[in-house]
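Values below: all heavy atoms of this structure, side chains included; hydrogens, waters and symmetry mates excluded.
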Amino acid sequence: MGDSFVHGFPLILLLVSIGFIAGSYGTLVGLGGAVVLAPMLLLLYPQANPRVLTSITMGIVFLNSLSGTLAYARQKRIDYRNGMFFAMATIPGAIIGVWTLRCIPQQAFLIIFGIMLLVFAAIIWLRPKAKSSCETTQDANCTIVDYSGMRFSYSCNRSLGIALSFAVGFIAGLLGIGGGIMHMPILLFALHFPVHIATATSQFILGFTGLTGTLTHASSGTYAQSWQILLWIALGVIPGAQAGAWLSPKIKGLVLVRLLALALVIAGIRLIAIGVWS
């Protein structure tokens, strides 16, 4: 990869720090950390091959989601049953998305999708109402009791979730992203998951997406050029994910939704910028 503007130990410390921030923020809002990591990698390595940067991001998404999932599993806040259905639906969508990439002008798609994310962020910010742990849906078909005894009861339209997860996988394959940036709004506002259950379940789903992407890049030999960078960032991401999961129960659902809106803004601006200048 191209040289960074910092070298040696300062670079290592910077990469570990970026990893910790990406891991903690990504796990806190259920996005896998790519929304923080990708812009920082572009800043550090502006001349690098985009495929190499994407491979690093995907590897970190996997490690972050794995660490975060283990932490949320201890908190007993993951909806495994629905999460598994949604995760499996993303895989064929991602494969079709990769195939479709050859037929769609990606520059225009990046700009359109970036604008969509900004619109979603505005809607979430202006109307941040999401289900809390205290609310009980009369026709609830899902109930989770976490490690502290807090009960989460909600109704989930699994068929709708599977269809939307397929669409998430398609867009993730088309753009080379983890998919958490879309799954979180879907879990919250289309499927009406409680905020903290949505965050934990999103991390669980991202593990499958991240693993698929990481194995794809590994099989093509992409990591031969970037394994050292991936290693240093991973040293920060793994404890960062644990920190994010630890913070999650201590933060109100409204704050988590606001943080999600901020992540959508960052991702939207980044996609538009890439689409305009690519």
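- The two residues Phe20 and Ala243 have their closest heavy-atom pair at CZ-CB, 4.0 Å.
- Atom CD1 in Ile233 sits 5.0 Å away from atom CG in Leu15 (nearest 0.5 Å).
- Closest approach of Leu188 to Ala198, counting heavy atoms only: CD2-CB, 3.8 Å.
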**Tyr154 vs Ile197, side chain to side chain contact (heavy atoms under 4.5 Å, CB included): CA-CA, chis, key distance, verdict** = CA-CA 10 Å; Tyr154 51 102; Ile197 300 300; 3.7 Å; yes
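- Leu41 has its side chain within reach of Thr57: a pair of non-hydrogen atoms, C-beta onward, lies under 4.5 Å apart.
- At least one side-chain heavy atom of Thr143 sits under 4.5 Å from a side-chain heavy atom of Arg151.
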**Prompt:** Can you check side chain to side chain contact (heavy atoms under 4.5 Å, CB included) on Ser202 and Leu187, steps first, answer last?
**Reply:** CA-CA 8 Å; Ser202 178; Leu187 291 174; 4.0 Å; yes
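- One distance of note links CD1 of Ile78 with CG of Asp146; it measures 12.0 Å at 0.5 Å rounding.
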**side chain to side chain contact (heavy atoms under 4.5 Å, CB included) assessment of Cys142 paired with Ser155** = CA-CA 6 Å; Cys142 302; Ser155 179; over 6 Å; no
**Request:** Would you please test His196 and Met150 for side chain to side chain contact (heavy atoms under 4.5 Å, CB included) and show each step?
**Result:** CA-CA 11 Å; His196 293 90; Met150 183 176 293; over 6 Å; no
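- Of the inter-residue distances, the one linking Met88 atom CE with Ile205 atom CD1 reads 10.0 Å to the nearest 0.5 angstrom.
- Remark: Phe208 engages Phe204 in a ring-ring contact (aromatic ring centres under 6.0 Å, His included) (not counting sequence neighbours).
- Between Ala190 and Leu164 the shortest heavy-atom distance is CB-CD1, 4.0 Å.
- Atom OH of Tyr223 sits about 8.0 Å away from atom CD1 of Ile56, to the nearest 0.5 Å.
- Under a hydrophobic clustering in which Ile, Leu, Val, Met, Phe, Trp and Tyr are joined whenever their side-chain heavy atoms come within less than 4.5 Å, directly or via other members, Ile269 and Val276 fall into the same cluster.
- Tested against Leu191 for a side chain to side chain contact (heavy atoms under 4.5 Å, CB included), the candidates Asp79, Thr201, Leu160 yield a single pass: Leu160.
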For a quick test of your reading: what N or O donor-acceptor pairs under 3.5 Å do the side chains of residues 60-76 make, sequence neighbours left out?
| unit_1 | atom_1 | unit_2 | atom_2 | d |
| --- | --- | --- | --- | --- |
| Asn64 | OD1 | Thr27 | OG1 | 2.8 |
| Asn64 | ND2 | Gly32 | O | 2.7 |
| Ser65 | OG | Val61 | O | 2.9 |
| Ser65 | OG | Phe62 | O | 2.8 |
| Ser65 | OG | Gly207 | N | 3.4 |
| Ser67 | OG | Ile238 | O | 2.9 |
| Ser67 | OG | Gln242 | NE2 | 2.9 |
| Thr69 | OG1 | Ser65 | O | 2.6 |
| Thr69 | OG1 | Gln203 | O | 3.3 |
| Tyr72 | OH | Thr27 | O | 2.7 |
| Arg74 | NH2 | Gln242 | OE1 | 2.6 |
| Gln75 | NE2 | Ala245 | O | 2.7 |

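- Arg81 CZ: 12 or fewer foreign heavy atoms inside a 6.0 Å radius.
- Leu11 and Ile21 fall within the same hydrophobic cluster, defined by Ile, Leu, Val, Met, Phe, Trp and Tyr side-chain heavy atoms under 4.5 Å apart, directly or through other members.
- The distance from atom CD1 of Ile12 to atom OG of Ser17, rounded to the nearest 0.5 Å, is 11.5 Å.
- Ile144 and Tyr147 fall into different hydrophobic clusters, where Ile, Leu, Val, Met, Phe, Trp and Tyr are joined by side-chain heavy atoms under 4.5 Å apart, directly or via other members.
- Ile91 contributes atom CD1, which lies 12.5 Å from atom CD1 of Ile96 (distance to the nearest 0.5 angstrom).
- Within the structure, no pair that satisfies the ring-ring contact (aromatic ring centres under 6.0 Å, His included) test touches residues 226-271, not counting sequence neighbours.
- A donor-acceptor pair is defined here as one N or O able to donate and one able to accept, closer than 3.5 Å; such a pair exists between the side chain of Asn141 and the backbone of Cys156.
- Remark: the backbone N or O of Thr90 is not paired with any side-chain donor or acceptor of Ser165 at under 3.5 angstrom.
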